[in-house]
Q: 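Just passing along the structure, written as structure tokens.
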Amino acid sequence: MSHFLNKVLVIGLGLIGGSLAKSLREQRACANVVGFDRDQREMQEGLRLGVIDSMAENLAEEVSSADLVVLAVPVKATEAVLEQIKPFLTPSTILTDVGSTKGNVVEAAERVFGRLPVGFVPGHPIAGSEKSGVAAADSQLFNGYKVILTPLQNSSAEATARVEEMWRFTGAEVLMMDVARHDEVLAATSHLPHILAFSLVDTLAREEENLDIFRYAAGGFRDFTRIAGSDPTMWHDVCLANKEPLLRQLDRFTAGLARLRSAIEQGNGDMMLGTFTRAQAAREHFSRILSDTASSQTMNTSNVIFRAQPGGSVTGTIRVPGDKSISHRSIMLGSLADGITEVSGFLEGEDALATLQAFRDMGVVIEGPNQGKVRIHGVGLNGLQAPPGPIYVGNSGTTIRLLSGLLAAQQFDTELSGDESLSKRPMERVAKPLRLMGAQIESGEGGRPPLKIKGGSDLKAISYEMPMASAQVKSCLMLAGLYADGVTSVTEPAPTRDHTERMLQGFGYAVAQNGSKVSVTSGGTLTATQIDVPADISSATFFLVAAAITPGSDLTLEHVGINPTRVGVLNILKLMGADLELMNEREVGGEPVADIHIRYAPLKGIQVPEDQVPLAIDEFPALFIAACCAEGETVVSGAEELRVKESDRIQVMVDGLKALGADIEGTPDGAIIRGGQLHGGEVFAHGDHRIAMSFSIAALRSSGEIKINDCANVATSFPTFVDLAQEVGLNVNEGDS
Ligand code: S3P
């Protein structure tokens with residue numbers, strides 16, 4: 001059997017050293033795991049418990065014959081142990097440690113060695129438990145936890161790779177960082193909270209009668225102070241070892257606490273809510289990171305898979321989540337308004353949440369979302385503040401494009417970036433006209449994200465003829481127009497969704513509409529209002545198509561937005577012969593809504609009228625499924641915009657449907673689809689939420705299971721999709737690969 005190394009020597013068989021040794025042994029990582037501990041009994045115990053293969057009776061000999069030496073001793077003992085082993089290290093010995101502070105370990109090594117050995121790669125496993133001693137050794141201690149390595153300038157790539165490999169055997173995730181950053185990060189995330197917990201308990205306990213108040217302390221106190229039960233000597237050592245970074249973090253914390261104190265003193269509710277809502281959001285983000293579901297650059301986005309079984313029914317009455325476009329705009333305009341805007345029916349999907357977080361980052365106090373309710377404390381058109389860093393918008397094209405118009409008019413600089421899919425999408429369509437207005441905006445390679453926007457430009461109004469039918473470009477320019485000198489006009493080649501226009505008017509801001517031209521004049525103000533977000537017709541579409549293709553279906557979708565610029569899908573389905581009717585039509589906060597009742601009826605293929613394309617632009621992936629289940633040929637043309645959505649929706653649908661046996665051909669601006677029997681198979685959503693959901697409903701008419709890869713982004717627009725699909729009778733389940 002080949003091993004990654006022959007002999008590993010672990011010096012110090014406490015909890016960390018013992019657990020590492022035990023794990024390496026269990027994994028058969030090396031031929032020989034030798035243990036040393038200055039306490040002879042601990043060594044013997046280690047041998048007896050099978051933590052190590054053998055004891056280092058003669059440390060000098062073991063060091064000189066080891067391939068890798070792990071120092072697992074208390075940090076303050078590092079220097080003495082290094083002195084002791086130095087004469088026996090060979091030029092090829094790899095040396096690492098497990099200390100929780102790194103700057104002082106490196107300093108100790110410098111004092112001992114002068115020039116640091118190339119084999120030296122400091123490390124720090126972020127794992128532990130309250131237990132100690134070799135008897136507590138746990139081979140699973142590092143499994144799923146992080147280990148930070150801090151390779152030095154002198155460290156060889158070979159040594160770093162070997163230390164990394166060693167930790168991988170334990171199941172740990174290995175990260176690289178430089179020494180200073182490590183110590184700063186640990187001061188903030190570990191040392192500071194420990195100090196605070198010790199200090200709080202000590203403060204309360206100091207007065208004698210206070211010992212008694214612990215009796216009344218509930219879960220909050222227990223949770224906050226659990227870590228004050230840790231080893232005092234160890235924390236004493238950490239405070240000394242990581243003094244400067246810890247002091248910096250303590251100063252930042254003290255300043256934050258002082259700000260909160262003065263907010264409480266002055267009864268400044270906005271400041272208190274600002275702190276609490278930002279903290280709550282950050283804490284939720286942190287919890288998602290821990291459960292690995294956050295949409296962030298730092299995440300491992302695991303391959304979420306949907307499996308859809310053939311058969312199933314589509315019956316019942318449901319309400320799909322709030323409209324994505326309107327949810328974005330409610331946060332944007334609510335933030336820019338004077339007063340408090342209350343939103344209900346807000347879509348708690350990742351895209352709209354990215355917009356919400358962006359405005360929080362720019363100093364807007366936003367309460368919620370809580371069951372679709374959001375309260376936005378508007379800061380007025382000129383009240384945004386510089387965000388603390390680049391704004392990450394995840395998968396959301398609407399956020400990046402609309403924000404670019406708004407940010408081009410601010411006094412501060414910003415940078416906008418997004419996930420892999422967004423980073424492939426064209427941004428010059430907004431950057432070009434914004435530059436014509438005088439904005440300073442730079443896009444990344446090939447005109448894609450990130451966008452770097454310089455603040456302090458005085459924008460001037462323009463009259464712009466959009467080369468493509470895009471509501472995002474139109475809205476971006478209208479937002480910039482709120483700040484540009486004069487009247488900003490946008491003319492569209494075909495009608496696109498008009499939620500921005502409607503909502504601006506709802507906030508009391510005049511918008512002029514003249515045929516295909518829409519204009520805003522700067523200098524006005526927005527007044528806070530109430531917004532009831534209708535259910536998203538784009539999300540409803542999956543169920544409309546599901547019902548339209550499945551014999552026996554009878555489904556009602558409640559409170560769906562039926563804005564005339566969004567109803568292309570209803571018109572197209574009706575042309576195909578779908579049996580659908582609108583009931584209970586009404587207007588809610590400037591947007592028309594209705595309940596939609598749909599029953600199965602055989603569909604026929606059609607030539608999709610090109611004037612319906614922009615009105616159904618997000619609905620084509622689902623409509624392609626409808627076309628596969630219709631009799632005859634469906635032709636889609638004039639839809640080249642589909643190629644620059646969250647994925648190239650023409651190509652991705654053609655590939656997937658062909659894998660399911662469909663008769664489909666892609667064209668530069670659409671597709672030709674002939675109805676027929678679909679079979680089961682494996683398809684790829686390419687991170688595109690609407691593709692993932694479309695293939696889920698295809699199984700209603702396929703002869704075998706459809707396995708859909710890369711579905712994590714369904715959470716961007718429809719986080720409850722699988723639950724609702726199951727509720728109406730679809731047989732779709734989510735899993736992880
Ligand atoms: C949106 C406009 C459309 C649409 C997108 C949302 C909006 O994009 O596809 O999902 O909220 O303005 P384009 O304007 O790029 O067509």
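Just so it is clear, the model here is predicted, and its values are computed rather than measured. Numbering of ligands and ligand atoms starts at 1, following listing order.
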Q: What is the nearest protein non-hydrogen atom to atom 10 (O) of ligand 1, stated with its residue, atom name and distance?
A: Asp618 OD2, 2.8 Å
Q: Measure the distance from atom 1 (C) of ligand 1 to every protein heavy atom, then report the residue, atom name and distance (to 0.1 Å) of the closest one.
A: Gln472 NE2, 3.5 Å
Q: With a 4.0 Å cut-off on heavy atoms, does Thr496 reach ligand 1?
A: no
Q: Checking salt bridge (charged side-chain N to carboxylate O under 4.0 Å, His left out) against Glu641, which of Arg649, Arg425, Arg429 comes through?
A: Arg429
Q: Below 3.5 Å, N or O to N or O, backbone or side chain included: is there any such pair between Val473 and ligand 1?
A: no
Q: Salt bridge (charged side-chain N to carboxylate O under 4.0 Å, His left out), that's the test. Do Arg566 and Asp323 meet it? Break it down for me.
A: CA-CA 11 Å; Arg566 296 286 297 280; Asp323 187 279; 2.8 Å; yes
Q: State, yes or no, whether a side-chain contact exists between Ile326 and Glu591 at a heavy-atom distance under 4.5 Å.
A: yes
Q: Show the atoms of ligand 1 that are less than 4.0 angstrom away from any heavy atom in Ala471.
A: 12 (O), 14 (O)
Q: May I ask you to identify the nearest protein heavy atom to atom 11 (O) of ligand 1, giving residue, atom name and distance to one decimal place in Å?
A: Ser325 OG, 2.7 Å
Q: For Arg329, state whether at least one heavy atom is located under 4.0 Å from any atom of ligand 1.
A: yes
Q: Are the charged groups of Arg643 and Asp648 less than 4.0 angstrom apart, N to O?
A: yes
Q: Assess the residue pair Arg690 and Ser717 against the criterion (side chain to side chain contact (heavy atoms under 4.5 Å, CB included)); give the C-alpha distance rounded to whole Å, side-chain angles, the decisive distance to 0.1 Å, and a yes or no.
A: CA-CA 9 Å; Arg690 300 202 194 280; Ser717 68; 4.2 Å; yes
Q: Return yes when atom CD of Glu442 has more than 12 non-hydrogen atoms of other residues, nucleotides or ligands closer than 6.0 Å, and no otherwise.
A: no
Q: Count the heavy atoms of every other residue, nucleotide or ligand shown that sit under 6.0 Å from CD of Gln371, and state whether that count exceeds 12.
A: no
Q: Where on His499 is there a heavy atom closer than 4.0 Å to ligand 1, on the side chain, on the backbone, on both, or on neither?
A: neither
Q: Please identify which atoms of ligand 1 are closer than 4.0 Å to at least one heavy atom of Ile617.
A: 9 (O)
Q: Which atoms of ligand 1 are found less than 4.0 Å from any heavy atom of Thr398?
A: 1 (C), 6 (C), 7 (C), 11 (O)
Q: Polar contacts were defined as any N/O atom of the residue lying under 3.5 Å from an N/O atom of the ligand; does this apply to Ser470 and ligand 1?
A: yes
Q: Specify the protein heavy atom at minimum distance from atom 16 (O) of ligand 1: its residue, its atom name, and the distance to 0.1 Å.
A: Lys645 NZ, 2.9 Å
Q: Quick one: sort the Phe542 and Phe721 rings into parallel, tilted or perpendicular, breaks at 30° and 60°.
A: perpendicular
